[in-house]
There are 2 protein chains.
Amino acid sequence: MATRTARRTGALSKERIVEAAIGILDTDGEGALTFRALSARLATGSGAIYWHIADKQALVAAATDHIIAGVMAGLATPRAPQDAIRAVALGVFDALDAHPWMGALLSSDPWQRAVLRILENVGRQVQALGVPDDALFNATTALMNAILGIAAQHAAAARLPRDTERSAHLTAMAGEWAELDPAEYPFVRQLAAHVPGHDDREQFLAGINLVLTGIESIRERSPR
Amino acid sequence: MATRTARRTGALSKERIVEAAIGILDTDGEGALTFRALSARLATGSGAIYWHIADKQALVAAATDHIIAGVMAGLATPRAPQDAIRAVALGVFDALDAHPWMGALLSSDPWQRAVLRILENVGRQVQALGVPDDALFNATTALMNAILGIAAQHAAAARLPRDTERSAHLTAMAGEWAELDPAEYPFVRQLAAHVPGHDDREQFLAGINLVLTGIESIRERSPR
DNA sequence: ACCTGAACACCGTTCAAGT
DNA sequence: ACCTGAACACCGTTCAAGT
């Protein structure tokens, strides 16, 4: 009887759990992901989830990995390594835009699976760029810092609950910045004035390009 | 009667609370900082703290700011902007080594006070470097990413409870890395082989220098 | 083997009541 | 104005019991 496993449109599985978690995170934010909410959505007991996943951290890590794996698989692979690196970076940027809750994990756990996926992809391209072995680690880390730095910014934005509260928080922050002692914080105040008008994505790409320029100049310095 | 305010070696204050919090965080890690533990250490009621500080996030932010402010104040200011930038970066690095729990906040809240302090300091030096206005923001952000990237790494390390558990976790992680499919993760595996032997601080400084090189090459490209 | 859901051991935060 | 500490409204996780 094949109906046995189909009792509830298929039994619980790690994949089903991860997909449900992503649904909650995307719709209601990271604060809404609790084992109670998750088990309600899956029409199961709250303890059942632990049969398939170790704990909450593993759950969020699996959700993040699920999305990053999809991004990496869907990437076009351009001829030039520089373009490939930009493609990876923008892929992560756009994924963060759609799933800002990933920022918290990506920027706080440097050795988890999703980060290793990005690292592998970036590292290979840096290698293809002809960067000498002794600079390979530094160059790749600098690019990862640029990518994960934007993850941190999305994480910060994701922590603000809802749109209304979000804009309230933003204006409160802008007010706080304006009140910074001009004698003590001239640079930050000058920078803050430029923030409202700028395009995040373009800004991010410019940061990646700056690091690429730096890597290039190292390569020129020690040819072969 | 002057004895009135001295009832309990001085009344509660934000500063006393922050210092007690730092004590707990340094000794027992971020997991140990609870309002119950904190109020016990201060010999007060758990609700009393809320009279002086808004909530837990504000408490950790104040603790981080307290330490970073001290670091920035104690900095020697070298002649060359590059040296000044390196001094700021290493100051933050060493503070993170002594107080790894700061990593979580520094790497996750880009607009909090402690981060603004670092940003102000770095930004001024980048300006002194003669970087043109249109590249100023990018150059400073790239340096901040390098500094806050190391904060994230310290945060990850700080989350591991005690030394015994820590080394167990590290070997478990090394084992996990070794088991990564060699066909899928050649770069990560190659990099992992180099990790055990390397000096964190030196590595960090090399990353800062790479970004400085990149900034230099931008400056050369568009003089004045 | 897989699932249930009550129970456990915590949290941060609030607030009526005190001084 | 400042402090007390019980109470509230949650959490993640465990585990005896079921199928």
Side-chain angles (χ1 to χ4, degrees), chain A residues 1-22 24-25 28-64 101 104-105 108-109 159-162 165, chain B residues 1-21 24-25 28-64 101 104-105 108-109 159-161 165:
Chain A
M1 254 137 244
T3 51
R4 188 158 176 276
T5 49
R7 209 182 64 214
R8 191 183 44 220
T9 343
L12 220 51
S13 70
K14 181 168 174 178
E15 198 178 35
R16 274 173 54 96
I17 293 170
V18 166
E19 274 161 12
I22 291 173
I24 292 173
L25 288 164
D28 301 315
E30 51 188 302
L33 182 64
T34 67
F35 277 80
R36 282 165 180 80
L38 186 58
S39 61
R41 192 184 178 107
L42 289 164
T44 185
S46 61
I49 294 158
Y50 285 90
W51 185 262
H52 300 275
I53 271 180
D55 55 25
K56 190 175 182 182
Q57 188 188 302
L59 173 62
V60 179
T64 302
W101 49 266
L105 197 66
S108 75
D109 189 348
R159 254 189 306 282
L160 308 178
R162 273 281 132 248
E165 281 216 43
Chain B
M1 254 133 251
T3 51
R4 190 158 175 278
T5 48
R7 211 182 62 213
R8 192 185 41 223
T9 343
L12 220 49
S13 70
K14 182 167 172 178
E15 198 180 32
R16 274 174 53 97
I17 292 170
V18 166
E19 274 161 12
I24 291 173
L25 288 163
D28 300 316
E30 51 188 303
L33 182 65
T34 67
F35 278 80
R36 283 166 180 81
L38 186 57
S39 62
R41 192 184 178 108
L42 289 164
T44 186
S46 60
I49 295 159
Y50 285 90
W51 186 262
H52 301 275
I53 270 181
D55 54 23
K56 191 176 180 180
Q57 188 187 299
L59 174 61
V60 179
T64 302
W101 49 266
L105 197 66
S108 74
D109 190 348
R159 255 189 306 280
L160 308 179
E165 281 217 42

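Across the protein-nucleic acid pair, B/Y50 atom OH and D/dA1 atom P stand 21 Å apart, rounded to whole Å. When the P atom of D/dG12 is taken as reference, atom CD1 of A/I53 falls 14 Å away, rounded to whole Å. If you take CG of A/L12 and P of C/dC3, they are 5 Å apart, rounded to a whole angstrom. Atom CG of B/L38 and atom P of D/dG5 are 15 Å apart (whole Å). Rounded to an integer number of Å, the gap from B/I17 CD1 to C/dG12 P is 14 Å. In this structure, A/L42 places its CG atom 16 Å from P of C/dC2, rounding to the nearest Å. Between the CZ atom of A/F35 and the P atom of C/dG5 there is a distance of 17 Å, rounded to whole Å. When rounded to the nearest whole Å, the span between NZ of B/K56 and P of C/dT13 equals 8 Å.
Atom CD of A/Q57 has 12 or fewer neighbouring heavy atoms from other residues, nucleotides or ligands inside a 6.0 Å radius.
Pairing for D/dA6 is with C/dT14, a Watson-Crick or G-U wobble pair whose two hydrogen-bonding atom distances lie under 3.5 Å. The pairing partner recorded for C/dA1 is D/dT19, the criterion being a Watson-Crick or G-U wobble arrangement whose two distances lie under 3.5 angstrom.
Here the nucleotide nearest the side chain of B/T34, chosen from C/dG12, C/dC3, D/dG12, is C/dG12. Between C/dC3, D/dC11, C/dG12, one nucleotide has an atom nearer to the side chain of A/H52 than all others, and that is C/dC3.
Contact annotation for B/S46: base contact, defined as any heavy-atom pair under 4.0 Å involving a base atom. Residue A/L33 is in sugar-phosphate contact alone, with no base atom involved, counting any heavy-atom pair closer than 4.0 Å across all strands shown.
Annotation: side chain of A/L33 is in contact with side chain of A/K56 (closest heavy-atom distance under 4.5 Å).
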Output, in order, the C-alpha distance, side-chain angles, deciding distance and verdict of side-chain contact (heavy atoms from CB on, under 4.5 Å) for B/D28 and B/W101.
CA-CA 10 Å; B/D28 300 316; B/W101 49 266; over 6 Å; no

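Once rounded to the nearest 0.5 Å, the distance linking CG of A/L12 with NE2 of A/H52 reads 4.0 Å. Atom CG of B/L25 sits about 8.0 Å away from atom OG1 of B/T64, to the nearest 0.5 Å.
In this structure, B/W51 does not reach the D/dC3 phosphate: none of its side-chain N or O atoms is under 4.0 Å from OP1 or OP2.
Mapping B/A54 and A/G45 onto DNA chain C by nearest heavy atom places A/G45 closer to the 5' end of the strand.
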